There are 2 protein chains.
Amino acid sequence: MNTKNPTALTPHNHDSCIASALEKAQQVCQRNNVRLTELRLRVLELVWRSHKPLGAYDILAVLAKEDGRNAAPPTVYRALDFLLEQGLIHRIASLNAFIGCSDPECPHQGYFLICNQCGITLELHSDKVSKSIQRAALEYDFQISHEMVEVVGVCPNCKV
Amino acid sequence: MNTKNPTALTPHNHDSCIASALEKAQQVCQRNNVRLTELRLRVLELVWRSHKPLGAYDILAVLAKEDGRNAAPPTVYRALDFLLEQGLIHRIASLNAFIGCSDPECPHQGYFLICNQCGITLELHSDKVSKSIQRAALEYDFQISHEMVEVVGVCPNCKV
DNA sequence: ACTAGTATGTTATATTATAACAATTATGTT
DNA sequence: AACATAATTGTTATAATATAACATACTAGT
Ligand SMILES: [Zn+2]
Ligand SMILES: [Zn+2]
Ligand SMILES: [Zn+2]
Ligand SMILES: [Zn+2]
């Protein structure tokens, strides 16, 4: 499940990256006046520990194996729903999987580059993509509430 | 399952729209030297008959009810896979559903505006969106093989 | 301590999708 | 036409993802 080179596209220390993500999450939840419980924090950590999108049942399996917590699906899905609501993770629709948000303090839509070789997934922050979608929607008098952009292909590390 | 105003975003006669879609499909398949069988044609027609994305099990239900054809899931999924391969339909990942392609003769990625009130779904053809995504991917040296853009919101007809 | 609200546990089930193998149908060759 | 081959569809079973409904436990404010 782990990628060959998890830090390929985001050169940094992964442990400290997780730690800072969890810290940010604490702040976000404090500001939003919601409770980042032990379970929710743990699920967020597991999602962050993987640079590949993680499925709900993958999370369940880790909880069972590493925590001895025999949780049922609703437990995990509720935690994921909470994290989604707080903008701490994104759902990748094309993979039925979840990934940590790289900038939860600034609300935004999720644009992703997904490598179909190694699974690594990078969150894009592109104003140009955002603007072009907004303009296109405007042409049709369509009022946007949520955008999903998922680009599948080959990451630099997996190119020959 | 049918929308209140299926022709809202695409003002045309729906029957003739379906007919022309099926005709185009015949041509595409002839050119590609593949067989658009009775089943495949029927599934394509059902997908086209709905301006809302249609689920595989919705199709199964119609086949059972209208055609007395007690097909099992693989039958429908295989037909859908064929239609996807030939570019005659798109899959909407966020809805686990399928919709007819508005321009199967010219290969392209699927960009969609999806109304969360009435379900109507419009396929965008936007070079600007396409270019902006390509540029963003290029910045990361990411080689695109497939793009998905799904924009959820409120269509003009459903606005107050 | 009491209460209301929030979160989690638990059981059952719904929804979407595929694997594996059998039967049928279409196509090209003798 | 008879045959061999490949493509398509049928059939059964099951995998993978997600939610409904209700019970229990925990938290925070009174
Ligand atoms: Zn994000
Ligand atoms: Zn890769
Ligand atoms: Zn299309
Ligand atoms: Zn609408």
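Note that this is a predicted model, so its numbers are computed, not measured. All chains are named by letter (A, B, ...) in the order of the sequence lines, taking the proteins before the strands, and each is independently numbered beginning at 1.
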Could you state the [atom1]-[atom2] distance from [X] to [N], rounded to the nearest angstrom?
X     : N      : atom1 : atom2 : value
A/F82 : C/dT6  : CZ    : P     : 13 Å
A/N70 : C/dT8  : CG    : P     : 17 Å
A/R42 : C/dT8  : CZ    : P     : 15 Å
B/L36 : C/dT25 : CG    : P     : 19 Å
A/L63 : C/dT8  : CG    : P     : 12 Å
A/Q86 : C/dT6  : CD    : P     : 13 Å
B/R40 : D/dT9  : CZ    : C1'   : 9 Å
B/L80 : C/dA17 : CG    : C1'   : 11 Å

*Start with the C-alpha distance between A/I89 and A/V43, add both sets of side-chain angles, then the distance that settles side-chain contact (heavy atoms from CB on, under 4.5 Å), and finish with yes or no.*
CA-CA 10 Å; A/I89 61 173; A/V43 170; over 6 Å; no
*Salt bridge A/R42-A/E66, side-chain N to carboxylate O under 4.0 Å*: yes
*OP1, OP2 of D/dG10 versus side-chain N and O of B/R69: anything below 4.0 Å?*
yes
*NA contact type, A/T75, heavy-atom cut-off 4.0 Å: base, sugar-phosphate, or nothing?*
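Base contact.
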*Aromatic ring centroids of A/F112 and A/H90 under 6.0 Å?*
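Between A/H90 and A/F112, which both carry aromatic rings, the centre distance is below 6.0 Å.
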*Using a cut-off of 4.0 Å between protein heavy atoms and nucleotide atoms, how would you tag nucleotides 15-30 of chain D 5' to 3' with B, S and -?*
--BBBBB-----S---
Atom pairs and distances, donor-acceptor, side-chain atoms in residues 21-41 of chain A, under 3.5 Å, two or more places apart:
residue : atom : partner : partner atom : Å
A/N32   : ND2  : A/Q86   : OE1          : 2.7
A/T37   : OG1  : A/R40   : N            : 3.4
A/R40   : NH1  : A/R35   : O            : 2.6

*Short question: side chain of A/H108, backbone of A/C106 - any donor-acceptor pair under 3.5 Å?*
yes
*Return the set of residues passing side-chain hydrogen bond (donor to acceptor under 3.5 Å, both in side chains) with A/R91 (not counting sequence neighbours), or none when no residue passes.*
A/N96
